[in-house]
Amino acid sequence: MKTPNFSIEFFPPKTAEGTEKLRATRAKLAELKPKYFSVTFGAGGTTQQGTLDTVTEIRKEGHDAAPHLSCIGGTRESIRGILDEFKAHDIHRLVALRGDMPSGYGMGGEFRYANELVEFIRAETGDWFHIEVAAYPEMHPQARSPQDDLNSFVRKMQAGANAAITQYFYNADAYFRFVEEANKAGVTAPIVAGIMPITNSTQLQRFSEMCGAEIPRWIRLKLSSYGDDSASIKAFGLDVVTAMCERLLAGGAPGLHFYSLNQAAATTAIWQRLV
Ligand SMILES: Cc1cc2nc3c(=O)[nH]c(=O)nc-3n(C[C@H](O)[C@H](O)[C@H](O)COP(=O)(O)OP(=O)(O)OC[C@H]3O[C@@H](n4cnc5c(N)ncnc54)[C@H](O)[C@@H]3O)c2cc1C
């Protein structure tokens, strides 16, 4: 099989210990030769320095890295400042998002949706950045309808995004259908599948409730039947997610983006089975 494009996402560590752990994780994952690493950005700029520091460190190690940038709560001036900083560090790719404000915070800011951020980045910086945006094969939880969400996605691409990365899912048909509909609506840019390895059933359930990703009933029941048997959960998760990745690649997915949660083992195991 031709090696597909793949990328790996981290979050910026908050402690010295987390930073050390991420360095070790990264060293292992770098052996897989991903196209780039990406680093998330806390909405409202809460991790701004951590995101930039992590990206800078990865780039110094000789790998490409993309900061995420979320606009919620931001002003034109604050976002312009961040873009200038990325440019000063010679960063040429980023993942542009609206973000979610932590509960208790108002929306505030001068950007309502990610398409406005993409437009702003293009207006301010021309073609300097390769911009990726988020896509939701199972619909973003706040969207009024799947069609509205698709329209919003298309608007975001038309604003100047180069590619998209999906929210994770465990239903390949939802992905294929979304890509087909996006293509019909004129989107020809790559829509890379976001992959969440399954390693911990409680954590997965919590994330999925927040972001609107469905865990199919049969997977949920299997996971709960394993109770605290972490080895069985991981072995089952590896089989299920690898089989889905094989299907996605065979069906034409242009790449895979792994939500690593700063852990190396699960992404490595899936990848080794794929190549
Ligand atoms: C690959 C990926 C990476 C992510 N990384 C981060 C990160 O680093 N930091 C972070 O905080 N979050 C991150 N997220 C989560 C993301 O910020 C949330 O899902 C957020 O709720 C939506 O962001 P968005 O960029 O998709 O928003 P948008 O594209 O703006 O969409 C948000 C909602 O508004 C609707 N909408 C869009 N435009 C309009 C319009 N003009 N009128 C009416 N409705 C509209 C959409 O249908 C959708 O329901 C990531 C998600 C993905 C898939």
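Both counts, for ligands and for their atoms, begin at 1 and track the order of listing.
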>> What's the separation between atom CZ in Arg98 and atom NZ in Lys156, rounded to the nearest 0.5 Å?
In response: 9.0 Å

Run the numbers for me: atoms of ligand 1, each under 4.0 Å from some heavy atom of [X], listed by number.
{"X": "Ala143", "answer": "47 (O), 49 (O)"}
{"X": "Ile165", "answer": "1 (C)"}
{"X": "Phe41", "answer": "7 (C), 8 (O), 9 (N), 10 (C), 11 (O)"}
{"X": "Arg155", "answer": "38 (N), 39 (C), 40 (C), 41 (N)"}
{"X": "Gln142", "answer": "49 (O)"}

> Between Gln167 and ligand 1, does any nitrogen or oxygen pair lie at a separation below 3.5 Å?
Replying inline: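 Not met; the criterion fails.
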
Top protein contact for [atom], by heavy-atom distance:
{"atom": "atom 25 (O) of ligand 1", "result": "Arg98 N, 2.7 Å"}
{"atom": "atom 12 (N) of ligand 1", "result": "Gly99 CA, 4.1 Å"}
{"atom": "atom 16 (C) of ligand 1", "result": "Tyr136 OH, 3.7 Å"}
{"atom": "atom 36 (N) of ligand 1", "result": "Ser152 OG, 3.3 Å"}
{"atom": "atom 53 (C) of ligand 1", "result": "Ala134 CB, 3.5 Å"}
{"atom": "atom 14 (N) of ligand 1", "result": "Leu97 CD2, 4.0 Å"}
{"atom": "atom 33 (C) of ligand 1", "result": "His140 ND1, 3.7 Å"}

Where on [X] is there a heavy atom closer than 4.0 Å to ligand 1, on the side chain, on the backbone, on both, or on neither?
{"X": "Lys156", "result": "side chain"}
{"X": "Phe11", "result": "neither"}
{"X": "Phe153", "result": "neither"}
{"X": "Arg112", "result": "neither"}
{"X": "His68", "result": "side chain"}

> Taking the six-membered ring for Trp, are the ring centroids of Phe153 and Tyr136 within less than 6.0 Å of each other?
Replying inline: no

> Got a sec, which residues hit salt bridge (Lys or Arg N to Asp or Glu O under 4.0 Å) with Glu124, two or more places apart in sequence or on another chain?
Replying inline: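 Salt bridge (Lys or Arg N to Asp or Glu O under 4.0 Å) list for Glu124, sorted by chain: Arg80.
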
> With Arg122, which residues qualify under salt bridge (Lys or Arg N to Asp or Glu O under 4.0 Å), at least two apart?
Replying inline: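 Not a single residue meets the salt bridge (Lys or Arg N to Asp or Glu O under 4.0 Å) criterion with Arg122.
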
> Is atom 31 (O) of ligand 1 less than 4.0 angstrom from some protein heavy atom?
Replying inline: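 It does not; no protein heavy atom is within 4.0 Å.
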
> Quick one: does Tyr259 get within less than 4.0 Å of ligand 1, heavy atoms only?
Replying inline: yes

>> Within the structure, is a non-hydrogen atom of Asp149 found at a distance of less than 4.0 Å from ligand 1?
In response: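 Asp149 counts as a contact of ligand 1 under the 4.0 Å cut-off.
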
